[in-house]
Protein chains: 2
Amino acid sequence: MIRNAASKETARKPNMREAILAAAEELFATNGFNAVSVRDIAQAAGANPGSVTYHFKTKDGLLLEIYRRHCGPMNLRRSELLAAAKRVRDLQDRLEAVVRAYVAPAFTSGSDLAGGGARFTRLRAVMSAEGNEVARKIIAQTFDDTSHAFIDAIHDSLPHVPRTDIVWRSHFLLGALYYSLVTPDRVSRLSRGEADGNDAASAIEQLVQATVAAFQAPALDQAAPARRRPVVSSKT
Amino acid sequence: MIRNAASKETARKPNMREAILAAAEELFATNGFNAVSVRDIAQAAGANPGSVTYHFKTKDGLLLEIYRRHCGPMNLRRSELLAAAKRVRDLQDRLEAVVRAYVAPAFTSGSDLAGGGARFTRLRAVMSAEGNEVARKIIAQTFDDTSHAFIDAIHDSLPHVPRTDIVWRSHFLLGALYYSLVTPDRVSRLSRGEADGNDAASAIEQLVQATVAAFQAPALDQAAPARRRPVVSSKT
DNA sequence: ATGTGATTTGTACTATCGTACAAAAAATCA
DNA sequence: TGATTTTTTGTACGATAGTACAAATCACAT
């Protein structure tokens, strides 16, 4: 939408550059950073390997640009959604709205820059698992603000739950979200075809519902640490 | 334990072989498969690169052996824990016991083969994210049985929740578990030091409590699909 | 101690990696 | 159109990858 700006950006002829970015995003998201060569990317984009060097200098630079391109619009969109969610009156409904505002943009398909999108979210999941340095840096300095904003919003809806628990549970949420995008087929397989792990709408609803319940769980204060230790025999 | 068998296995002098396996497990789990070279592994194990080839033939063979070594004892142990959990009378307590039986072994430290252990679990998380072929094959044929057993056990404690929902929620559980092992520092960072993401006991308690609540969430039947669609403006 | 098989070492081969760079092609503007 | 800049191509270089293999070394039964 926001397009006809004719800025002084280097977007003179974005065809090849954009194709390379898209191909790299897809390949990195499915195979990891190190498993994909610059030549793989060039071939998938219908470009020459040297063209990648020309546009992005290095392979790291290419990854960095993928992040750069997404992070700005994405955080903006998330702020909007969060602000709207925070205006919901009913406390229970507000919690669900906040969670949904966090979850939904991660599942959008296509090249939805603003929402983040499933492809970029999956990319982040994979980079996180690989401990990629470039990703780690840009993520810590770009996403933590947003994460804190969401955590605060959730905490406002659940004043009786300590912040520590909220942090843990939001961490679990992100893990579940990532994993749903990384291995959707596992859901189809384990449900014996009754559920479709690749159906974004189902994933969102299931994740929102489960997560809201998780956030609403009673506080886990260390006052009663060894409430019960069931099962676990002592065989080493 | 089962050791002095003097079988015809090639376990005559396991020192170096074991060192290589341990080093590879650690390096793969933290950096991914492709980012780690055979030379890296050999160096970390104090071995010669050729020694890796001698014991495991190929790099894939080395990864395969890591899985092979863990899967048997691990599934055995999980079955034991699950069986014990299923003997818990109270339905609510049983659910928690089953979840704990699933979660706890994944966080054990050291070279605990039977439990699975944090290192191997993290390795599985990373391989899953990278879409590693070797791992994908062995996982589908080794873990699905156990997963089904746990899903069935949880379903028994929650008869009113459709199996589909149980599958989704158990999928979220595994994702949260993986992510907790992959990026524990994020918890410490977001909680501003109030929580320690690397503390296994805390992680287990938090994860069990949150997950039990998630499983207990009301069923999400498609009878009421558009219960409410809060927030989300329609800007594409 | 000595011979034998198992293991470790050292090294080399080929393939592919990321990247550099000059030449060709395309695009832009006077 | 011709000049100039931007983009694409083709190719090459050094580094490192996985793996193979012969020689050296070790463990140990005889």
Side-chain angles (χ1 to χ4, degrees), chain A residues 4-25 27-28 30-67 69 127 130 132-135, chain B residues 3-25 27-28 30-67 69 126-127 130 132-135:
Chain A
N4 43 0
S7 67
K8 53 185 173 181
E9 290 267 357
T10 47
R12 193 88 69 95
K13 198 189 167 197
N15 295 343
M16 200 47 99
R17 186 186 150 93
E18 288 299 314
I20 292 170
L21 280 169
E25 203 175 302
L27 287 172
F28 286 158
T30 52
N31 301 105
F33 184 75
N34 293 285
V36 178
S37 71
V38 173
R39 286 166 177 85
D40 291 337
I41 296 165
Q43 186 169 23
N48 190 282
S51 200
V52 177
T53 307
Y54 170 72
H55 283 291
F56 308 100
K57 202 64 189 169
T58 67
K59 195 183 173 190
D60 276 354
L62 172 55
L63 180 63
L64 196 66
E65 183 54 28
I66 292 174
Y67 272 85
R69 207 168 57 131
M127 293 304 118
E130 286 188 319
N132 184 286
E133 267 305 310
V134 176
Chain B
R3 177 107 66 78
N4 43 358
S7 65
K8 52 188 172 180
E9 291 266 358
T10 47
R12 192 87 71 96
K13 197 191 166 195
N15 294 341
M16 200 47 98
R17 187 185 149 93
E18 288 299 314
I20 292 170
L21 280 169
E25 203 175 300
L27 287 172
F28 286 158
T30 52
N31 301 106
F33 184 76
N34 293 285
V36 177
S37 71
V38 172
R39 286 167 177 83
D40 291 336
I41 296 166
Q43 186 169 26
N48 190 281
S51 202
V52 177
T53 307
Y54 170 73
H55 283 292
F56 307 101
K57 200 67 188 169
T58 68
K59 197 183 171 189
D60 275 355
L62 172 54
L63 179 63
L64 196 66
E65 182 54 27
I66 292 174
Y67 273 85
R69 207 171 56 133
V126 176
M127 293 305 117
E130 286 188 320
N132 184 285
E133 266 306 310
V134 176

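Just the heavy atoms: all of them, side chains too, but no hydrogens, waters or symmetry mates, feed the values below. Letters A, B, ... mirror the listed sequences (proteins, then strands); counts begin at 1.
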* Asked: Rounded to the nearest Å, what distance is computed from the CD atom of residue B:E18 to the C1' atom of nucleotide C:dT8?
  -> 17 Å
* Measure the distance from NZ on B:K59 to C1' on D:dT16 and round it to the nearest whole Å. => 12 Å
* To do: Could you state the atom-to-atom distance from CG of A:D60 to P of C:dC17 in whole Å?
  => 16 Å
* Asked: Where is the tightest heavy-atom contact between B:D40 and B:A35, given as atom of each residue plus distance?
  -> OD2-O, 4.0 Å
* Decide yes or no for B:T30 and B:V126: does some side-chain heavy atom of the first lie under 4.5 Å from some side-chain heavy atom of the second? => no
* What integer distance in Å separates A:N34:CG from C:dT16:C1'? -> 14 Å
* **Pairing of B:E65 and B:K57 as salt bridge, 4.0 angstrom limit** => no
* Asked: Going by heavy atoms in the side chains, are B:N34 and A:N31 under 4.5 Å from each other?
  -> no
* Hey, is the side chain of B:T53 poking within less than 4.0 Å of OP1 or OP2 on D:dA20, counting only N and O atoms? -> no
* Taking C-beta and beyond as the side chain, do A:P49 and A:V52 meet within less than 4.5 Å on heavy atoms? -> no
* Quick one, which residues of residues 36-48 of chain A touch DNA chain C with a heavy atom under 4.0 Å? -> A:V36, A:S37, A:V38, A:R39
* Asked: Roughly, in whole Å, what's the span from CG in B:N15 to P in D:dT25?
  -> 20 Å
* Asked: Could you give the CZ-to-C1' distance, from B:R17 to C:dT9, as a whole number of Å?
  -> 19 Å
* **Atom pair distance, as rounded to whole Å: CZ in A:F33 and P in C:dC17** => 13 Å
* Can you tell me if the side-chain N/O atoms of A:H55 get under 4.0 Å from OP1 or OP2 in D:dT8? -> yes
* Evaluate the side-chain proximity of A:V134 to A:F33: yes if any heavy-atom separation is below 4.5 Å, no if none is. => no
* Rounded to the nearest Å, what distance is computed from the OH atom of residue B:Y54 to the C1' atom of nucleotide D:dC26? -> 12 Å
